[in-house]
Amino acid sequence: MEKHTASFLRIYAMTHKAFPIPPDPMYVPIQVGSATNAPLGYLRDDTGDNISDRNCYYSELTGLYWVWKNVADVEYVGTCHYRRYLIDEREQIYTEQQYRALLREYDLITTRKVHLNNSYHFGFAANHNIKALDMTGEVIRELYPEYHGTFVRLVNGPDTYFGNMFVTSKKNYDAYCKWLFSIFFEVAKRIDLDTDEDSYHKRVFGFISEFLLLVWVTVNKLSVYECKVGMLGEKVETREIKERLAEYFAAEDIAGAKDYFMKKHAERPDVLMEASDITGELRLAMQVIATADEEKRRGEANILQKEHDFRALMQLFTRINHIAAGDCAREADPRISDTALEIARLIRPSGTQS
């Protein structure tokens, strides 16, 4: 078991890379997938009873499993990510005092529900191997028939939690993990995990578990407090993509920038999600590429011939989007073409950055 002074609450920050640790000692970093990666100097998920070597399928769940099996000296326990934390209405990371107050009223604290445009089943099928989700439903029907009706109803509805971020009593945490991993271990016996999927899509259990938390709390009638998620810093992967795009822009290489980003997006479909692109600059960079492409097609001087500094382009396209939205008047800037404004209007509202 983990050696810590007994405490009321401890929140484990799941990570696979070094990061600035919040100063509050309540937050404890744990390196997930540490069985197959170089040590970071944090608590590791490959000690004691663990499934660390299965991180490629389970993502941060290998950390959740480790906490379930190896931590017994806390009354309440939570999980978060190295960049994502539950935050209050003032957008500050919760303190232990705030958690104490909330836990007097609620059984579990987690993220606000994500409300999808379609059903969860539809969205999962569009982005992942639907066989994994369908088999999860089948295993639930066999092992936990009292959950199956709720699973069917919710999987055909639009809501889910995300991030596997929550705080609850260790008793609830252990009960949830016992339920969750008994399902996934059985599903793993029945589907082919070693397909030709890339590393992102292989993390199927990490994705499905976000939804299963909603099923579990619904069936168990837990009182849930839903709150915002705050982002601290930018993903290394996001920063690296922006740095490479900046090189293509500086070289006025539209085709190279486009090909590079399409390859990266295929590898990591999440790069344009708000949780990854927290500044919106990757979306702006895609707008730069689309604008330059169309200007070139129309035989016009493309934007990269007028401006190719990445930071200046981000500022310029933020202004273009505000002009397109009617928030400000068009100014006499030779870099802003009618084509650029036309594209900005086409992509609203996602193109508008504040």
Side-chain angles (χ1 to χ4, degrees), residues 84 87-92 111-118 123 126-127 158-159 162 226-235 238-239 241-246 248-250 252-255 257-258 260-262 264-265 268-354:
R84 300 180 191 170
I87 59 174
D88 62 22
E89 293 304 315
R90 297 175 299 124
E91 301 194 346
Q92 300 295 312
T111 65
R112 289 179 178 172
K113 291 189 190 76
V114 175
H115 189 79
L116 307 172
N117 292 327
N118 298 287
N127 294 287
D159 295 329
F162 77 96
E226 299 177 1
C227 51
K228 296 179 180 180
V229 173
M231 308 293 295
L232 297 184
E234 185 174 60
K235 280 187 175 181
T238 303
R239 187 180 69 248
I241 292 172
K242 291 198 297 187
E243 289 172 353
R244 190 73 182 97
L245 287 174
Y248 282 109
F249 290 169
E252 300 179 17
D253 185 355
I254 306 168
K258 183 177 181 179
Y260 168 77
F261 182 78
M262 295 305 292
K264 285 298 180 182
H265 189 250
R268 292 292 304 264
D270 60 330
V271 294
L272 288 178
M273 295 179 182
E274 289 185 9
S276 297
D277 186 23
I278 61 174
T279 65
E281 289 181 340
L282 280 185
R283 291 185 290 279
L284 284 176
M286 293 308 95
Q287 188 179 346
V288 171
I289 293 171
T291 299
D293 228 7
E294 183 60 17
E295 288 172 333
K296 182 178 179 181
R297 190 189 70 79
R298 294 181 181 185
E300 304 170 5
N302 75 73
I303 185 64
L304 295 183
Q305 293 173 313
K306 308 170 194 173
E307 178 59 73
H308 52 245
D309 177 76
F310 186 87
R311 188 56 45 206
L313 283 165
M314 297 300 98
Q315 295 171 352
L316 177 62
F317 274 79
T318 296
R319 193 158 72 250
I320 288 172
N321 288 332
H322 283 305
I323 295 169
D327 297 333
C328 60
R330 182 173 180 176
E331 56 201 81
D333 188 331
R335 298 174 299 175
I336 302 177
S337 67
D338 291 340
T339 300
L341 288 169
E342 183 182 326
I343 290 175
R345 292 187 182 104
L346 285 173
I347 66 174
R348 288 182 61 214
S350 60
T352 303
Q353 302 294 325
S354 57

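For this chain, numbers begin at 1 and follow the sequence in order.
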Item to check | Atom of Glu252, atom of Leu304 and distance for their closest heavy-atom approach | outcome: CG-O, 3.4 Å
Checklist entry - When rounded to the nearest 0.5 angstrom, what is the spacing between CG in Leu316 and CD in Gln287? => result 9.5 Å
Item to check | Closest heavy-atom pair and its distance - Ile254, Ile289 | outcome: CG2-O, 4.1 Å
Checklist entry - For the atom pair CG (Asn321) and CG (Leu341), what is the distance rounded to the nearest 0.5 Å? => result 9.0 Å
Next on the checklist: Applying side-chain contact (heavy atoms from CB on, under 4.5 Å) to Val288 and Met314, what does each step give before you reach the verdict?
Outcome noted: CA-CA 9 Å; Val288 171; Met314 297 300 98; 4.2 Å; yes
Next on the checklist: Distance check, rounded to the nearest 0.5 Å: Ile241 atom CD1 versus Arg244 atom CZ?
Outcome noted: 12.0 Å
Item to check | Pairwise distance OG1(Thr318) to CD1(Ile323) - rounded to 0.5 angstrom | outcome: 11.0 Å
Checklist outcome for this item: Distance col, row Phe317:CZ vs Arg335:CZ, nearest 0.5 angstrom, shows 9.5 Å
Checklist entry - For Ile336, does its backbone N or O pair with a side-chain atom of Arg330 as donor and acceptor, under 3.5 Å? => result yes
Checklist entry - If you take all heavy atoms of Phe310 and Ala285, which pair is closest and at what distance? => result CE1-CB, 4.3 Å
Checklist entry - Salt bridge between Glu294 and Arg297, side-chain N to carboxylate O under 4.0 Å? => result yes
Next on the checklist: To check you understand the geometry: which heavy-atom pair defines the closest contact between Ile303 and Ala292, and what is its length?
Outcome noted: CG2-CB, 3.7 Å
Checklist outcome for this item: Heavy atoms of Ser337 and Glu295 approach each other most closely as OG-OE2, 2.5 Å
Checklist entry - When you measure from the side chain of Gln305 to the backbone N and O of Asn302, does any donor-acceptor pair fall under 3.5 Å? => result yes
Checklist entry - Can Glu281 and Arg239 be said to form a salt bridge (charged side-chain N to carboxylate O under 4.0 Å, His left out), step by step? => result CA-CA 10 Å; Glu281 289 181 340; Arg239 187 180 69 248; over 6 Å; no
Item to check | Pairing of Asp333 and Lys306 as salt bridge, 4.0 angstrom limit | outcome: no
Checklist outcome for this item: Heavy-atom nearest pair, Ala340 first then Ile320, reads O-CG2, 3.9 Å
Item to check | Straight-line distance of Glu243 CD to Thr238 OG1, nearest 0.5 Å | outcome: 11.0 Å
